[in-house]
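Shown next, in structure tokens, is the structure this report addresses.
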Amino acid sequence: MARSKTKQLSYIAVPSQVIHSMSSSSLQNLILSPKKYSRSGNCLFSLTISPKFFLLFLFLFALVGTLQIGFHLDPLLPFSPMPCSTVGQGTAAAAVVRTDDVRTDDSMFPITAAAGGGEWKEEFWSQPEGMGYRPCLEFSKEYRRRSKGLRADRRRYLLVVVSGGVNQQRNQIVDAVVIARILGAALVVPILQVNVIWGDESEFSDIFDLEHFKRVLADDVRVVSSLPSTHIMTRPVEEKRTPLHVSPRWIRSRYLKRLNREGVLLLRGLDSRLSKDLPPDLQKLRCKVAFEALRFSAPIVEFGNELAMRMRSKGPYLALHVRMEKDVWVRTGCLPGLSPEFDEIIQEERKRRPELLTARSNMTYHQRKLAGLCPLNALEVTRLLKALGAPKDARIYWAGGEPFGGPAALQPLTREFSHFYSKENLSLPGELEPFANKSSLLAAIDYIVCEQSDAFMPSHGGNMGHLMRGHRAFAGHKKFITPNKRQMLPYFLDTSLPESEFHGIIKELHKGSLGQPEFRKVGRRDVTAYPVPECMCNNTNARSPL
């Protein structure tokens with residue numbers, strides 16, 4: 001992607017409407033400031049070195065100086081020649097790599113700098129104990145034996161139309177692959193229904209790496225880009241009302257005979273249609289699709305990785321998925337709590353469109369709140385993070401749609417944590433243009449930056465939170481904070497609690513909610529959110545206490 005080469009003092013993109021109240025200096029500090037040394041006080045020049053090494057160093061130093069004079073090399077050295085005690089406020093020049101297309105006259109992105117050693121020692125950034133669990137996707141002999149015949153079959157084809165946002169589409173694509181395997185059919189590349197809310201017309205290959213998808217699944221399901229000429233005029237068997245949580249046996253009895261006769265089956269609305277409890281091989285296939293086959297397309301991966309490196313340029317960072325959009329408040333039957341005027345808008349919208357309410361209609365807002373069914377607002381997220389020990393200088397990446405109420409809705413967070421960023425204000429001018437008006441692509445960028453974070457926390461459940469939980473578990477149980485809303489909210493409402501006592505209680509409540517291995521509960525949880533034990537194993541026979 002081409003970047004602006006205009007020299008200026010700051011390369012900060014104009015913030016979005018949501019974050020426009022942030023000071024641009026905070027981004028400049030993230031990207032351009034030198035890194036802090038470890039609190040241990042380690043310094044290159046505090047090390048004990050031999051006289052021979054010291055003489056060799058002086059020789060090399062003189063040689064570099066000579067070359068710099070003769071060839072006008074860049075004067076920036078990869079370290080400061082000053083002793084530790086003389087470096088202002090414990091800082092030193094960071095090791096950097098020059099990128100000529102992203103720089104000013106005297107500064108550049110330290111995109112290759114490692115995380116600050118001192119910050120890593122803080123308790124908040126510590127990672128959960130993985131208990132030795134690792135990805136384990138070994139299929140049975142019977143599964144592998146049947147795969148040969150399925151790859152050679154040219155009679156049956158499955159067409160699927162998936163809907164919703166990118167994370168909802170991912171869930172449906174996972175189940176589409178599994179259904180194709182159950183039916184022994186080739187899967188035609190899924191059709192992405194145009195989103196009526198965002199108007200995103202992206203196709204599968206715009207969002208995902210199609211060739212990678214085909215290659216990874218080559219031993220499981222044959223994936224084709226289109227129907228062959230022998231089937232192009234076939235009128236497919238169409239099914240619009242598949243019941244919820246159907247079994248492989250139901251799918252075969254319902255579709256297989258007609259599929260054999262017509263050759264093509266068309267399925268719509270796959271969301272939650274396939275049972276959460278499948279035979280072990282099919283559960284493994286779900287994980288293989290979700291965590292290995294569904295890789296985002298190259299432009300998305302490249303830009304997402306770039307933003308993640310910018311976030312990490314000065315140390316670890318936290319990613320937040322904040323669910324505070326207007327439709328979320330309406331659907332959950334909850335109130336944003338910004339002001340009586342904003343609450344009234346939500347209540348009126350719910351009265352006009354009662355079909356949008358997905359929560360129990362016989363519960364009051366207060367009952368829903370105490371039951372843990374409401375998203376956390378910005379003030380609650382802030383108090384939770386502080387109680388869990390998030391340092392005040394923590395760098396936070398914010399993912400999510402525009403919050404109802406605009407920038408004011410996020411003020412409790414931005415006041416407490418000034419290093420608060422989104423893809424809009426991390427991007428250089430023009431970098432987001434290829435993804436403009438493509439909500440699915442923008443959400444995919446968020447997903448990449450969140451997945452690479454050192455800690456992740458959603459303010460509410462949802463498809464992204466579930467996928468992120470499973471993905472981070474599959475990657476080695478990276479820290480995932482699950483707000484224990486039902487148990488913690490009564491303490492949030494108790495204004496008599498001293499802050500220190502409140503923090504102690506909240507920490508205790510979340511000891512087991514930080515991304516540790518957790519066994520999937522049969523019938524209630526999806527394996528793509530809880531991949532233990534079907535998709536991950538360890539070297540012991542001990543069962544998880546969770």
Side-chain angles (χ1 to χ4, degrees), residues 1-5 10-13 15-16 19 22 24-38 74 76 78-79 91-104 107-120 125 127 209 295-321 391 393-399 417-435 441-456 468 471-472 475-476 478-479:
M1 258 179 279
R3 297 182 181 132
S4 172
K5 295 186 180 181
S10 174
Y11 277 82
I12 305 168
S16 67
I19 315 295
M22 261 183 46
S24 63
S25 63
S26 59
L27 176 62
Q28 216 171 7
N29 181 58
L30 172 76
I31 295 175
L32 304 176
S33 297
K35 286 174 53 59
K36 293 180 180 179
Y37 266 121
S38 168
D74 194 306
L76 278 177
F79 50 79
T91 63
V96 294
V97 175
R98 179 176 301 284
T99 53
D100 292 331
D101 58 335
V102 187
R103 61 168 295 179
T104 63
S107 58
M108 64 195 75
F109 286 120
I111 59 174
T112 60
E119 292 183 20
W120 278 103
W125 301 116
Q127 296 299 309
D209 186 333
R295 185 172 71 185
F296 291 118
S297 62
I300 295 173
V301 170
E302 179 184 353
F303 187 54
N305 287 342
E306 176 68 22
L307 294 188
M309 284 193 292
R310 292 177 191 176
M311 283 300 301
R312 191 178 295 285
S313 64
K314 288 200 63 184
Y317 70 94
L318 163 71
L320 287 179
H321 188 218
D393 63 349
R395 285 147 186 90
I396 297 179
Y397 182 85
W398 168 69
F417 301 101
S418 58
H419 303 292
F420 197 75
Y421 309 96
S422 69
K423 55 185 173 295
E424 285 80 11
N425 54 35
L426 274 177
S427 304
L428 299 176
E431 282 187 319
L432 275 177
E433 287 181 7
F435 312 102
L441 275 61
L442 294 172
I445 292 168
D446 274 342
Y447 190 96
I448 291 174
V449 184
C450 289
E451 199 282 322
Q452 294 190 29
S453 66
D454 301 280
F456 175 84
M468 191 63 62
H471 207 144
R472 293 177 73 85
K478 295 161 65 178
K479 190 165 189 173

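Only a predicted model underlies this, so the values are computations on that prediction, with no experimental measurement involved.
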Contact check, side chains of F303 and I448, non-hydrogen atoms, under 4.5 Å: no

Specify the closest pair of heavy atoms between H419 and D393, including all atoms of both residues, with the distance to one decimal. CD2-O, 3.4 Å

For Q127 and W125, indicate whether the former's side chain and the latter's backbone hold a donor-acceptor pair under 3.5 Å. yes

So which heavy atom on V449 is nearest to which on G304, and how close? CG2-O, 3.6 Å

Measure the spacing between CG of D209 and CZ of R295 and express it to the nearest 0.5 Å. 4.5 Å

CE-NZ distance between M468 and K478, expressed to the nearest 0.5 angstrom: 8.5 Å

For the residue pair H321 and F456, categorise the inter-ring angle as parallel (less than 30°), tilted (30 to 60°) or perpendicular (more than 60°). parallel

What is the minimum heavy-atom distance between S313 and R310, and which atoms define it? OG-O, 2.9 Å

With rounding to the nearest 0.5 angstrom, report the CE to CD distance, M311 to Q452. 11.5 Å

Would D454 and K479 pass as an ion pair if we require N to O under 4.0 Å? no

Would you indicate whether the side-chain heavy atoms of F296 and L441 approach each other to under 4.5 Å? no

As an exercise, state the distance from CG of L320 to CH2 of W398, rounded to the nearest 0.5 Å. 10.5 Å

Do Y447 and I300 have side chains that get closer than 4.5 Å, going by heavy atoms? no

In the structure I gave you, are the side-chain heavy atoms of F417 and L318 within less than 4.5 Å of one another anywhere? no

Side-chain contact, heavy-atom cut-off 4.5 Å: R312 with R395? no

Non-hydrogen atoms of R472 and C450 that approach each other most closely: NH1-O, 3.1 Å

